[in-house]
Protein chains: 4
Amino acid sequence: MPKQPDPARRSERSRQAILEAARELISEVGYARLTIEAIAARAGVGKQTIYRWWPSKGAVVFDSFLALSESGQDRSMALPDTGDIEADLKVVMRATVAEFADPVFEAPIRALNTEIINDPALAAQYREKLGDPVDEAKKARLRSAQRAGQIAADADLDLALEVLYAPLYQRWLHRSGPLTAEYADALVDLTLKALRP
Amino acid sequence: MPKQPDPARRSERSRQAILEAARELISEVGYARLTIEAIAARAGVGKQTIYRWWPSKGAVVFDSFLALSESGQDRSMALPDTGDIEADLKVVMRATVAEFADPVFEAPIRALNTEIINDPALAAQYREKLGDPVDEAKKARLRSAQRAGQIAADADLDLALEVLYAPLYQRWLHRSGPLTAEYADALVDLTLKALRP
Amino acid sequence: MPKQPDPARRSERSRQAILEAARELISEVGYARLTIEAIAARAGVGKQTIYRWWPSKGAVVFDSFLALSESGQDRSMALPDTGDIEADLKVVMRATVAEFADPVFEAPIRALNTEIINDPALAAQYREKLGDPVDEAKKARLRSAQRAGQIAADADLDLALEVLYAPLYQRWLHRSGPLTAEYADALVDLTLKALRP
Amino acid sequence: MPKQPDPARRSERSRQAILEAARELISEVGYARLTIEAIAARAGVGKQTIYRWWPSKGAVVFDSFLALSESGQDRSMALPDTGDIEADLKVVMRATVAEFADPVFEAPIRALNTEIINDPALAAQYREKLGDPVDEAKKARLRSAQRAGQIAADADLDLALEVLYAPLYQRWLHRSGPLTAEYADALVDLTLKALRP
DNA sequence: CGTTAACCGAGACGGTACGTCCGGTCTTTTG
DNA sequence: CAAAAGACCGGACGTACCGTCTCGGTTAACG
């Protein structure tokens with residue numbers, strides 16, 4: 001039986017230092033040139049301490065994101081609901097476009113995606129911890145629109161979310177076109193037209 | 001001035017062996033564990049021969065795909081046109097879904113995407129050599145539908161393509177849902193509803 | 001003031017287990033691959049318990065020998081004295097040769113010597129605890145021979161001991177020749193000739 | 001079949017740098033704290049270059065000695081022969097004593113001995129390359145003394161050498177007594193008395 | 001006879017070095 | 001003169017131990 005480390009004895013100080021070092025280094029050198037050794041050195045931590053608690057470099061990177069988003073927002077991810085689904089969605093989509101366009105997030109988010117694409121376990125973890133809750137918030141707003149008769153009652157909301165967000169995601173991933181407010185609006189318009197009762 | 005290799009003297013035998021070795025190894029060990037050394041050894045080639053003609057591992061992988069798709073299909077990428085845009089698109093989308101679901105293509109396509117995501121130069125090359133021609137063929141079919149009055153004359157066809165394909169691509173990339181014929185049909189239905197005149 | 005451990009509270013059970021584990025592991029893996037961690041694990045003891053009571057790996061190994069020889073023999077190290085110095089010495093030397101040739105003692109004795117060669121403090125401890133008493137017993141027998149007129153009265157007995165034992169020791173250490181009864185006899189003959197009155 | 005490195009392609013520059021770095025570091029930090037990494041760094045060499053050509057740290061250290069002694073002396077290791085074996089031996093033994101007492105040689109020679117004691121392969125190599133030639137030179141001088149009637153014709157010269165040198169060697173190894181000119185003389189006197197015709 | 005100080009097992013920690021692998025360059029030999 | 005072969009420097013990998021440092025849990029002397 002391969003001995004498991006005892007979580008109760010885990011050093012919180014080291015954990016924080018590692019996650020922070022990982023975040024900094026991804027911004028500085030990008031994911032491809034990120035090394036465990038550099039993380040350990042920057043964090044003032046032995047390499048073994050990283051290997052003890054994370055199975056792979058990707059897992060560290062993932063956790064560093066998770067920690068960031070958990071601290072940054074207080075779980076208040078509910079979308080605005082003014083009663084006007086079109087206006088509300090455009091606000092949210094424009095914000096998303098702006099976030100993707102922000103060069104500060106460029107390297108880290110690409111790193112995260114590279115990991116998720118190639119590691120099903122991380123992908124599952126990502127959905128559970130980040131993707132699903134966010135999606136649920138969005139679906140809640142769409143359901144509200146359904147009740148208001150702005151969206152067909154039998155619309156597939158999962159599909160609706162994909163149609164809204166996937167084109168934006170793909171453009172960013174492939175750099176295949178500009179990410180502008182107009183683009184965000186166009187996606188909302190097209191999607192709402194498709195979802196019309 | 002760093003001497004440039006003379007393409008005229010390039011060994012076609014070596015080039016083919018390298019690309020084939022790269023393809024085989026990606027299937028066997030995946031992209032992350034693919035090494036230049038292994039490619040050289042498998043191809044019976046010196047490492048320098050690879051470095052002389054390709055700038056990066058990603059470029060070799062990319063070329064190995066390019067060679068495959070160039071040989072496999074004889075540039076006949078025109079889509080079927082029976083006059084029924086809905087039926088034609090569903091045929092094409094179902095075929096795309098089937099291709100993505102084929103485990104044989106799993107590793108290589110994921111490898112290609114990993115490269116493209118992180119290397120803008122490769123992404124541009126990809127669009128030029130593979131993406132744009134394919135998109136153009138699809139847009140030709142959509143224009144035909146516009147002329148037939150099945151699609152709004154002022155529809156943004158680039159956006160239409162994104163709405164059609166990006167959700168499928170995202171599902172596959174993130175493994176966030178099943179890729180079925182029903183899903184393909186639902187995407188076509190939703191898109192066509194949004195594009196209706 | 002760095003707190004000193006209190007010998008009165010020392011766990012005899014742990015001490016024994018550590019020394020025994022050290023002995024076993026030296027036989028099994030040799031001195032070079034002996035580790036404190038392995039000793040602690042084998043003995044069912046925390047590493048700190050070893051570091052608390054011994055300053056170095058060599059000290060543990062040394063103590064494990066000391067404990068062995070202290071228990072094995074009851075301090076009756078007096079040499080035989082039949083009145084015939086040649087016969088008596090040959091008996092002793094042949095026994096020594098046999099002991100060195102015993103493969104069971106090979107690894108441990110080599111380990112002990114490696115330590116002693118490189119650590120003056122251990123060397124001094126060795127001489128005090130093991131070497132000097134044994135030498136004294138041998139010199140006692142030589143003095144008896146002097147009184148019997150078999151050895152020159154002014155012979156340097158320390159030198160005599162070295163001439164008797166060092167060649168044997170060197171052969172064993174360097175594996176530079178066979179360790180046989182004949183060799184033992186030859187050393188005794190040569191030494192006695194040199195010591196003749 | 002594990003590929004063997006090709007000696008013809010070996011870099012002489014690297015070999016020299018490694019051996020010199022090893023020699024310097026042994027003097028500076030001693031054998032126990034000598035690391036392959038430090039040798040590589042000091043020599044400006046990749047670690048693999050060391051592992052490619054030497055099987056162990058001990059082998060590098062050994063070779064660094066070998067190179068030293070091969071360059072230092074031009075194979076002219078013949079002993080003086082004035083016709084007076086006692087005088088000649090005392091000159092040689094006093095020189096040996098002086099060499100052992102020289103603190104500059106302390107660390108390296110102890111390092112060499114530690115290796116040889118624990119590695120039979122190195123011990124054999126040592127005898128072949130260094131020990132046997134030196135011994136042969138000494139035995140040549142003793143044979144000359146035999147022809148001159150100063151030593152018994154049937155004396156065992158191998159044993160004679162051991163009796164001469166092993167006590168000195170043991171004293172140095174165990175630090176069990178002073179290494180002085182008087183001690184050298186005493187050993188010669190005792191040995192010659194034992195070898196007398 | 002409870003308090004309490006020390007030892008104890010366990011094992012996480014910051015480190016150092018290991019021996020291996022591979023990247024990218026350089027050199028030598030072969031076709 | 002390109003290509004194969006492969007040695008080279010560099011540097012990251014993941015592992016093994018080092019010696020130190022908490023942790024709870026005994027355990028034994030003392031008050």
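Chain letters run A, B, ... following the sequence lines, proteins first and then strands; every chain starts at 1.
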Mind checking D:R10 for me? I need base, sugar-phosphate or nothing, with any heavy atom below 4.0 Å counting as a touch.
sugar-phosphate
Determine: side-chain N/O of A:T49 to OP1/OP2 of E:dG14, distance under 4.0 Å, yes or no.
yes
Spacing between B:I50 atom CD1 and F:dA3 atom P, to the nearest angstrom
12 Å
At less than 4.0 Å, is any side-chain N or O atom of B:S14 found next to OP1 or OP2 of F:dA2? Yes or no.
no
The side chain of A:W53 is closest to which nucleotide in this list: E:dC13, F:dC13, E:dG23?
E:dC13
Residues B:R42, B:E28: salt bridge by 4.0 Å N-O rule:
yes
Between C:E37 and C:K57, does any NZ, NE, NH1 or NH2 come within less than 4.0 Å of an OD or OE carboxylate oxygen?
no
Cation-pi between C:R10 and C:W54: NZ/CZ under 6.0 Å from ring centre and within 45° of the ring axis?
yes
Straight-line distance of C:L173 CG to D:L173 CG, nearest 0.5 Å
6.0 Å
When the distance from CZ of B:R52 to P of F:dA2 is rounded to whole Å, what number comes out?
7 Å
C:K47 NZ to F:dC23 P, in whole Å, measures 17 Å
Which comes earlier along DNA chain E counting from the 5' end, the contact point of C:P7 or that of A:A40, where each point is its nearest nucleotide?
C:P7
Between atom CD in A:E37 and atom C1' in E:dT20, what is the gap in whole Å?
13 Å
Scoring nucleotides 25-31 of chain F by protein non-hydrogen atoms under 4.0 Å (B base, S sugar-phosphate only, - none) yields ---B---
Quickly work out the C:R33 CZ to F:dA16 P distance and round it to whole Å.
14 Å
Rounding to an integer number of Å, can you tell me how far B:E12 CD sits from F:dA2 C1'?
15 Å
Using a distance-only criterion (donor-acceptor N/O pair, under 3.5 Å, no hydrogens), is the base of E:dG23 paired with the side chain of B:K57?
no
Quiz question: by atom type and distance under 3.5 Å, do the side chains of D:N118 and C:T114 form a donor-acceptor pair?
yes
Pick one: which of A:I26, A:I18, A:L34 meets side chain to side chain contact (heavy atoms under 4.5 Å, CB included) with A:V60?
A:I18
Rounded off to whole Å, could you give me the CG-to-P distance for the D:D6 and E:dT27 pair?
17 Å
Length of the line joining D:Y51:OH and F:dG6:P, which is rounded to integer Å:
23 Å
Identify which nucleotide among E:dC8, F:dA3, F:dC13 has an atom closest to any side-chain atom of A:I36, counting heavy atoms from C-beta outward.
F:dC13
Would B:Q16 and B:E20 satisfy side chain to side chain donor-acceptor pair (under 3.5 Å), going step by step from the backbone distance to the final call?
CA-CA 6 Å; B:Q16 294 290 356; B:E20 187 180 336; over 6 Å; no
Can you say whether a donor on the side chain of C:Q48 sits under 3.5 Å from an acceptor on the base of E:dC7, or the other way round?
no
Let me know, please, whether A:A38 or C:T35 comes out on the 5' side of the other along DNA chain F by nearest nucleotide.
A:A38
